[in-house]
Amino acid sequence: MEKQEIRTFGRRHGKKLSTRQQTLIDEVLPTLKPTGGDILEIGFGAGEHVRELAATHPEKIIIGAEPFMNGVASLLSAITDEKNNLVLDEYKNIRIWADDVRDFLRKTDSKFEQIWVLHPDPWPKARHEKRRLLSADFLNTLSQYLTDNGEIIIGTDHWEYFDWILEQLKQTNLSAIIPEMEIIQTRYQHKNKAGTTAPKYLVLHN
């Protein structure tokens with residue numbers, strides 16, 4: 001029997017979607033299903049950073065992967081015109097994978113210039129540690145999807161998780177730097193559930 005993958009995310013659904021949000025999920029989301037792209041963000045929350053990437057790199061295809069449907073609905077609401085639900089011109093380079101990113105990676109031949117993972121669930125309880133996304137195995141998987149000069153950018157405000165990732169890196173061939181970066185503003189960064197002074201960032205290369 002094939003070993004079932006450990007689920008690394010929590011809820012798929014939150015509060016009931018508005019009528020417009022449900023329409024966007026039903027009608028617009030299928031048109032944005034990705035096959036390949038240039039930049040990938042894993043676990044985009046409400047999509048603030050995906051939109052920033054799209055605006056900063058209009059010539060690139062930006063893929064956002066997020067299994068939480070309320071977050072997907074938030075991004076769809078932000079990138080479409082309220083009157084006709086068409087994707088706004090400045091966001092036409094966005095694609096959305098509304099499921100586990102590992103399923104997408106198995107389907108794509110893309111190599112990414114950047115892979116972003118901002119504020120992944122730290123699963124702070126010891127019994128849940130195995131559900132943490134950024135394990136050595138997953139980091140090794142991501143390394144296979146980088147271009148020659150590609151990078152994985154990680155941000156977390158949970159410092160114990162940050163240290164845990166550093167330990168996981170010892171089981172990979174990735175090199176890491178801890179950069180001086182401006183704080184990337186997202187809904188989860190503002191929540192700062194860990195109560196730390198600021199997020200910490202890592203940039204990884206093959």
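Count residues from 1 along the sequence.
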What are the two closest heavy atoms between [X] and [Y], and how far apart are they?
| X | Y | answer |
| --- | --- | --- |
| Thr108 | Gly36 | OG1-CA, 4.0 Å |
| Pro122 | Arg132 | O-NE, 2.6 Å |
| Ala65 | Leu40 | CB-CD1, 4.5 Å |

task = Would you please test Phe138 and Ile42 for side-chain contact (heavy atoms from CB on, under 4.5 Å) and show each step?
result = CA-CA 12 Å; Phe138 188 63; Ile42 299 172; 4.1 Å; yes
Just wondering, do [Y] and [X] contact through their side chains at under 4.5 Å, heavy atoms?
| X | Y | value |
| --- | --- | --- |
| Gln21 | Ser77 | yes |
| Leu139 | Ile154 | yes |
| Asp100 | Pro67 | no |
| Met69 | Leu29 | yes |
| Asp38 | Ile61 | yes |

Distance check, rounded to the nearest 0.5 Å: [X] atom [atom1] versus [Y] atom [atom2]?
| X | Y | atom1 | atom2 | value |
| --- | --- | --- | --- | --- |
| Leu17 | Leu24 | CG | CG | 9.5 Å |
| Leu53 | Tyr91 | CG | OH | 11.5 Å |
| Leu32 | Ile63 | CG | CD1 | 11.5 Å |
| Ile25 | Leu76 | CD1 | CG | 5.0 Å |
| Leu75 | Ile96 | CG | CD1 | 4.0 Å |
| Leu105 | Ser110 | CG | OG | 9.5 Å |

ask   = Under 4.0 Å between a Lys/Arg side-chain N and an Asp/Glu carboxylate O for Glu41 and Lys60?
value =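 Salt bridge absent between Glu41 and Lys60.
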Ionic contact status for Lys83 with Asp81, cut-off 4.0 Å =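 No.
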Could you tell me whether a side-chain N or O of [X] sits under 3.5 Å from a main-chain N or O of [Y], the two making a donor and an acceptor?
| X | Y | result |
| --- | --- | --- |
| Tyr161 | Thr156 | no |
| Asn93 | His57 | yes |
| Lys111 | Gln144 | yes |
| Thr31 | Val28 | yes |

Report, as yes or no, whether the 6.0 Å neighbourhood of atom [atom1] on [X] holds more than 12 heavy atoms from other residues, nucleotides or ligands.
| X | atom1 | result |
| --- | --- | --- |
| Asp148 | CG | no |
| Lys107 | NZ | no |
| Glu180 | CD | no |

query = By salt bridge (Lys or Arg N to Asp or Glu O under 4.0 Å), which residues pair with Lys92, not counting sequence neighbours?
reply =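 Scan of Lys92 (salt bridge (Lys or Arg N to Asp or Glu O under 4.0 Å), adjacent residues dropped) gives Asp89.
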message = Please enumerate all residues that pass ring pair (Phe, Tyr, Trp, His ring centres under 6.0 Å) together with Phe104, with sequence neighbours excluded.
response = Trp97
key: Side-chain donor-acceptor pair present, Arg20, Thr80, cut-off under 3.5 Å   =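 On atom types as modelled, these side chains qualify, holding a pair under 3.5 Å.
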For residues 170-179, which side-chain donor-acceptor pairs fall under 3.5 Å, sequence neighbours excluded?
residue : atom : partner : partner atom : Å
Lys170  : NZ   : Glu167  : OE1          : 3.4
Lys170  : NZ   : Glu167  : OE2          : 2.9
Thr172  : OG1  : Leu169  : O            : 2.9
Thr172  : OG1  : Leu174  : N            : 3.1
Ser175  : OG   : His205  : O            : 3.3

query = Under the side-chain contact (heavy atoms from CB on, under 4.5 Å) criterion, do Leu202 and Leu166 qualify, and how do the steps go?
reply = CA-CA 9 Å; Leu202 276 173; Leu166 291 177; 3.7 Å; yes
Candidate pair Glu66 and Val50, rule side-chain contact (heavy atoms from CB on, under 4.5 Å), full reasoning = CA-CA 11 Å; Glu66 173 59 64; Val50 167; over 6 Å; no
ask   = So, do Phe162 and Trp159 have ring centers that fall under 6.0 Å from each other?
value =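 For Phe162 and Trp159, the ring centres are not under 6.0 Å apart.
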inquiry  = Using side-chain contact (heavy atoms from CB on, under 4.5 Å), reason through His49 and Phe44 one step at a time and then give a plain yes or no.
reply    = CA-CA 7 Å; His49 189 246; Phe44 60 69; over 6 Å; no
request  = State yes or no: do Val72 and Leu86 share one hydrophobic cluster built from I, L, V, M, F, W and Y residues joined by side-chain heavy-atom distances below 4.5 Å, directly or via other members?
outcome  = no
